[in-house]
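Reviewing the structure listed below.
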Amino acid sequence: MKKYWLVGNWKMHGSLASNATLLNAIRERQPALSPYVDMVLCPAFPYIAQMASLVEGTGIQLGAQNASDHLQGAYTGETSPRMLKELGCGYVIIGHSERRIYQGENDGLMGRKALAAIDAGLIPIICVGETAEERDKSRTHEVLARQLDAAFGYIRTAHDQVIIAYEPIWAIGTGIAATPEIVQTEHAFLRSRVAQRDPSFAARMPIIYGGSVKPGNAASLFSMPDVDGGLIGSAALNAEDFVAIYQSLVKTCESRAD
Ligand code: 13P
């Protein structure tokens with residue numbers, strides 16, 4: 001059966017105590033994970049080592065929210081993807097819109113970061129998505145194509161593994177998720193764009209959705225054929241909600257025969 005991913009992006013939240021409490025609450029509600037749905041938690045940088053020891057043996061995997069586009073060197077304040085790998089991360093979120101907006105990250109940097117992450121042995125979760133204004137002006141596909149093409153200028157489809165996250169900026173943290181129809185349309189567009197480079201890579205490339213996913217809308221979003229999981233922000237900070245979303249994804253994938 002095909003694999004699915006549920007990724008919790010904890011953003012700049014948490015503390016030593018609250019991280020442990022949240023993880024315990026998730027584990028109490030979901031003691032065993034589905035072999036078909038990977039659960040990945042992405043805490044803030046200072047807590048990666050803490051979380052690595054807490055998730056050991058649980059099956060829960062670890063990701064970071066960002067990484068440098070360099071593996072080593074005189075880059076004050078940066079974090080190498082190699083260091084994240086050493087600490088136990090398997091994934092790293094690249095090009096999140098909050099980094100594009102607040103840190104001025106651009107498409108080219110995102111591509112270089114994705115490549116550095118891959119070279120360090122991490123799976124990059126590459127975020128793409130349009131603003132409300134771009135959608136209103138019917139520029140969504142132009143924007144998604146530009147962001148995707150920049151990343152795929154660096155990725156070697158013959159052997160690299162990546163996850164694409166479609167995160168429309170207007171749906172992030174607003175409580176208004178994209179409709180399942182919009183999500184399906186854009187995921188299919190992203191897959192077809194990558195298929196122009198490498199059809200077999202595109203067919204197996206996971207595309208997950210992020211933007212106000214909640215227990216109440218998860219099932220309808222996950223039921224779309226090109227949705228391979230979710231990237232969850234605020235609902236990932238609540239164990240009950242996050243586990244409900246996880247279980248909804250498990251149910252969807254079990255009902256599919258692929
Ligand atoms: P919300 O789930 O809070 O909308 O955040 C989504 C997100 O940015 C995940 O990376």
Side-chain angles (χ1 to χ4, degrees), residues 4-14 18-19 22 26 37-45 47-48 51 60-67 84 89-103 105 110 113-114 117 122-132 134-135 140 143-144 147-148 151 162-180 182-183 186-187 190 206-222 224 227-249:
Y4 296 80
W5 281 264
L6 192 73
V7 183
N9 176 5
W10 287 3
K11 305 194 179 183
M12 202 173 71
H13 295 286
S18 72
N19 296 343
L22 180 53
I26 291 171
V37 185
D38 283 0
M39 184 188 284
V40 182
L41 299 179
C42 303
F45 276 141
Y47 303 122
I48 300 271
M51 289 296 293
I60 296 174
Q61 299 174 67
L62 213 55
Q65 299 171 18
N66 177 39
L84 297 170
C89 286
Y91 299 82
V92 60
I93 298 170
I94 296 291
H96 192 282
S97 58
E98 286 153 11
R99 296 206 58 81
R100 292 174 186 262
I101 294 165
Y102 304 122
Q103 266 71 38
E105 293 196 0
M110 187 183 77
K113 285 187 174 198
L122 300 175
I123 297 174
I125 301 169
I126 299 170
C127 300
V128 297
E130 78 286 4
T131 63
E134 288 161 344
R135 171 157 289 272
T140 298
V143 170
L144 295 182
Q147 294 172 338
L148 204 58
V162 302
I163 294 176
I164 300 296
Y166 172 55
E167 291 213 317
I169 294 168
W170 48 271
I172 295 176
T174 59
I176 305 164
T179 63
I182 288 178
V183 173
E186 305 317 345
H187 282 215
L190 292 166
I207 309 178
I208 64 178
Y209 168 76
S212 297
V213 179
K214 308 281 175 213
N217 60 22
S220 60
L221 291 163
F222 295 151
M224 294 291 119
V227 176
D228 304 308
L231 178 52
I232 317 300
S234 46
L237 298 171
N238 177 304
E240 199 177 333
D241 287 356
F242 190 62
V243 169
I245 295 169
Y246 181 84
Q247 288 173 352
S248 164
L249 184 55

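Each ligand, and each atom within it, is numbered from 1 in the order the structure gives.
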Short N or O contacts of ligand 1 with protein, under 3.5 Å, listed by atom name?
unit_1: ligand 1; atom_1: 2 (O); unit_2: Gly233; atom_2: N; d: 2.9
unit_1: ligand 1; atom_1: 3 (O); unit_2: Ser234; atom_2: N; d: 2.8
unit_1: ligand 1; atom_1: 3 (O); unit_2: Ser234; atom_2: OG; d: 3.0
unit_1: ligand 1; atom_1: 4 (O); unit_2: Gly173; atom_2: N; d: 2.7
unit_1: ligand 1; atom_1: 4 (O); unit_2: Ser212; atom_2: N; d: 2.8
unit_1: ligand 1; atom_1: 5 (O); unit_2: Lys11; atom_2: NZ; d: 3.3
unit_1: ligand 1; atom_1: 8 (O); unit_2: Lys11; atom_2: NZ; d: 2.8
unit_1: ligand 1; atom_1: 8 (O); unit_2: His96; atom_2: NE2; d: 2.8
unit_1: ligand 1; atom_1: 10 (O); unit_2: Asn9; atom_2: ND2; d: 3.0
unit_1: ligand 1; atom_1: 10 (O); unit_2: His96; atom_2: NE2; d: 2.9
unit_1: ligand 1; atom_1: 10 (O); unit_2: Glu167; atom_2: OE1; d: 3.3
unit_1: ligand 1; atom_1: 10 (O); unit_2: Glu167; atom_2: OE2; d: 2.9

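A side chain to side chain contact (heavy atoms under 4.5 Å, CB included) with Ile126 is found for one member of Lys113, Gln147, Met110 and no other, namely Met110.
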request  = Take His96 and Gln65 through the test side-chain hydrogen bond (donor to acceptor under 3.5 Å, both in side chains) and record every step on the way to the result.
outcome  = CA-CA 8 Å; His96 192 282; Gln65 299 171 18; over 6 Å; no
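Of the possible polar contacts, none joining the Asn9 side chain to the Gly233 backbone as a donor-acceptor pair under 3.5 Å is found. Distance alone, capped at 3.5 Å, places no donor-acceptor pair between the Tyr209 side chain and the Ala177 backbone.
In this structure, Glu167 does not pair ionically with Arg100, as no charged nitrogen and carboxylate oxygen lie closer than 4.0 Å.
Atom-to-atom distance recorded for Asn217:CG and Ser212:OG is 8.0 Å, nearest 0.5 angstrom.
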